[in-house]
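Chain naming here is simple, since letters A, B, ... match the order of the sequence lines and numbering starts at 1 in each. Hydrogens, waters and symmetry mates play no part in the numbers below; they use all other heavy atoms, side chains included.
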Amino acid sequence: MDNQAIARVLAEIGDLLEIKGENPFKIRAYRTAAETVASAAVALAALPAAGLQKLPGIGKDLAGKIREIVETGDAQYHRDLVAEFPPTILDLLHLQGVGPKTVQLLYLSLNIRTIEDLEQATRAGRLRELRGMGARKEALILKALEERRQYAGRHLLADAHETALAIVGWLREHEPGAEYIPVGSLRRGCETCGDVDVLAVGGTAALMDVFTSFGGVERPLGRGDTKSSMRLGGGFQADLRLVASESRGAAMQYFTGSKPHNIALRDRAIQRGYTLNEYGLYRVSDNERVAGEREEDVYEALGLQFVPPELRENRGEIERAIEHALPRLVELADLRGDIHAHTDATDGRDSLERMAAGAAAAGLSYLAITDHSKALAMANGLDEARVLDQARTVRECSRHLDHLTLLAGIECDIRMDGTLDLATDCLAQLDLVVASIHSGVNLDQAQMTKRILRAIESPVVDIIGHLTGRLLLQREGYRLDLERIFDAAAACGVALEINSQVDRLDLNDVRAKLAHDRGVKLVVSSDSHSHAGFGVLRWGTLVARRAWLEPADVLNTLPVEQFVRSLRRNRR
DNA sequence: GCCGTTTTCGGCCCGACTGTTTTCAGTCG
């Protein structure tokens, strides 16, 4: 049983307790524990109860429940709750405007158990019989049901970024007096975003009208003088908050989140005699504001090093900030090379020369050409003769370039049995080999792990590409024993890729951190298929930052000679 | 249910907006 599965049971207990109307702090304890478990660096199934209790927010009781879940696949407490409330009512909880109290009311008074029940009851006008329910609420629920059908909920980071840019552009054009700052999960660099949050600083309430007249708005969800929410076409929700200049920093902190980070921060504020909200940090004794204009000041006043937005997930960053020992996170400008790109020799759109020009324009000083190997016939993958021919061309082309070095590589398929798609003596003649899986994705965990381990053990493999094969919002990754794979990669000197394609971002933040913690080096690569495709490196860099990586942890921050020397094939 | 540089008990983050209400509960972030 993996951490995610354990976390799901704990989170579901939290949801069911909320519907039951239990003590909110007990509910929070389960939710905090679920988040801690989901982002834990090691497989908790292997830990005894005593070890579990060392994790923050997990005490004797929860440690026991986690052990029970690991050993029996479920917890009796969970089963009891499910017997009391059908688990399908949890779907209702995810509807916009429907919370735990409403779900409980719907279930106990109308016996509504499913989305379908709710839709029927609403259309039949039965909701109006209930206290606190009127025609407007009824219409809101119907709307929420329709939107649920239409949209899955979350969106890729890059799409959220585009939407935020469009909103900010619109606001700047029509109400230039204020400053506009995208915040929320977008600012933290989360791989998917549920909504787009924008902070307006120093404007007037009039800008709310500008916001609601934004072209992409489908319907308003709420509109006030300091806060408005809109549903946009394509399923995005956008929130705008307005604060005065003196609260700029506190508001940035507050609306960037995450929720667990903010709760921990406000906890610390209370302990130190302050209260923290979106307007500032206030001393309780005399209500004096001690910080608020600058975000850095809020952290400093709480005795903390400034925490970069990407780390604000309550995954140990506060403890490290107390010691002023946060990592110096890698930045996009630290990347000197890209080591995964395709040309029109296989499924890329552009020629070698155009790809080189694109990489140079993106400010890179080296680029590895890594087209597909022959197993990907659909992509016109290269066989041994073609890849060696291409390598000659790449090296020749590189000699004629002033500010860019081209490396001759391949993205070689890992076959079902873990052997490589091209002959070893061919692969040995290249500058580097990225090995990836593109087919046979449904093997069980033991087979898939063995397959990857075999590839890692091959002396001609330098890097494993998009290791887990997950596709965001589409497909879970392969079933893998990641800890074994990370340990093998570390032992063999094989680097793991953070693939920057917006729907991959693979490895993700938590796994890249775990890999690093176990001694693995990483690369951030674009997997670009066109000369304009190197911009995605910004997304991969965000993942690396969320994984706590410093420049020294990412091989392609090195100058080209050192990078080449650091490859597994060139190490002794 | 967790936790402790006042505490092993009594705390536990904070505020805006909506709808259905006549003073507030519910939802959201």
message = Suppose we screen for salt bridge (charged side-chain N to carboxylate O under 4.0 Å, His left out). Which residues come up paired with A:Glu173, at least two apart in sequence or across chains?
response = none

query = Who does B:dT8 pair with, Watson-Crick or G-U, both distances under 3.5 Å?
reply = none

Specify the separation, in whole Å, of atom [atom1] of [X] and atom [atom2] of [N].
X	N	atom1	atom2	value
A:Tyr30	B:dC2	OH	C1'	11 Å
A:Ile141	B:dG19	CD1	P	12 Å
A:Ile27	B:dC2	CD1	P	14 Å
A:Met208	B:dT18	CE	P	11 Å
A:Leu240	B:dG15	CG	C1'	16 Å
A:Leu16	B:dG1	CG	P	14 Å
A:Arg241	B:dG15	CZ	P	11 Å
A:Leu221	B:dG19	CG	P	11 Å

Set of side chain to side chain contact (heavy atoms under 4.5 Å, CB included) partners for A:Ala11, sequence neighbours left out = A:Ala34

message = Need one value for A:Asp225: base, sugar-phosphate or nothing, where a base atom within 4.0 Å counts as base even if backbone is also close, heavy atoms only.
response = sugar-phosphate

query = What is the nucleic acid contact for A:Ile270, judged by heavy atoms within less than 4.0 Å: base, sugar-phosphate only, or nothing?
reply =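 Sugar-phosphate, backbone atoms only, no base.
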
Separation of the [atom1] atoms in [N] and [M], to the nearest angstrom:
N	M	atom1	value
B:dC17	B:dC12	C1'	25 Å
B:dA16	B:dG10	C1'	29 Å
B:dT20	B:dG15	P	27 Å
B:dC2	B:dT8	C1'	12 Å
B:dG11	B:dT6	C1'	13 Å

task = Using a 4.0 Å heavy-atom cut-off, write out nucleotides 22-29 of chain B from 5' to 3' as B (base contacted by protein), S (sugar-phosphate only) or - (no contact).
result = ----SSSB

query = side chain to side chain donor-acceptor pair (under 3.5 Å): which pairs involve residues 41-63 of chain A, sequence neighbours left out?
reply = A:Asp61-A:Lys65

task = If a pair satisfies side chain to side chain donor-acceptor pair (under 3.5 Å) and one of its residues is in residues 120-134 of chain A, list it, with sequence neighbours excluded.
result =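 Qualifying pairs, neighbours excluded: A:Glu119-A:Arg123, A:Arg128-A:Glu138.
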
ask   = Quick one: which of B:dA16, B:dC2, B:dG15 gets closest to the side chain of A:Leu62?
value = B:dC2

inquiry  = If you only use heavy atoms from C-beta on, which nucleotide in B:dT18, B:dG15, B:dA16 is closest to the side chain of A:Asn277?
reply    =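 Of all the options, the side chain of A:Asn277 is nearest to B:dG15.
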
inquiry  = Is it the case that atom CZ in A:Arg136 sees more than 12 heavy atoms from other parts of the structure closer than 6.0 Å?
reply    =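 12 or below, so no.
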
Can you give me the N/O atom pairs linking the protein to nucleotides 3-7 of chain B at distances under 3.5 Å, or say none if there are none?
unit_1, atom_1, unit_2, atom_2, d
B:dC3, OP1, A:Gly57, N, 2.8

key: A:Asp506 side chain to A:Gln501 side chain, donor-acceptor N/O pair below 3.5 angstrom   =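 Side chains of A:Asp506 and A:Gln501: no pair found under 3.5 Å.
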
key: Test item: A:Tyr180 and A:Leu207 side chains (from C-beta on) under 4.5 Å apart, heavy atoms   =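 Yes, at least one pair of side-chain atoms sits under 4.5 Å.
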
inquiry  = Heavy atoms within less than 4.0 Å of DNA chain B: which residues of residues 293-326 of chain A have one? Give them sorted by number.
reply    =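 Close to the strand, none.
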
task = Sort and list the pairs that fulfil ring pair (Phe, Tyr, Trp, His ring centres under 6.0 Å) and have at least one residue in residues 43-74 of chain A, not counting sequence neighbours.
result =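 Pairs touching residues 43-74 of chain A that pass the test: none.
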
Sequence neighbours excluded, which residues qualify as ring-ring contact (aromatic ring centres under 6.0 Å, His included) partners of [X]?
X	value
A:His174	A:Trp170
A:Phe85	A:Tyr107
A:Phe25	none

request  = Using side chain to side chain donor-acceptor pair (under 3.5 Å) as the criterion, list what pairs up with A:Asp117, not counting sequence neighbours.
outcome  = A:Thr114

A:Arg136 vs A:Ile263, nearer the 5' end of DNA chain B by closest nucleotide = A:Ile263

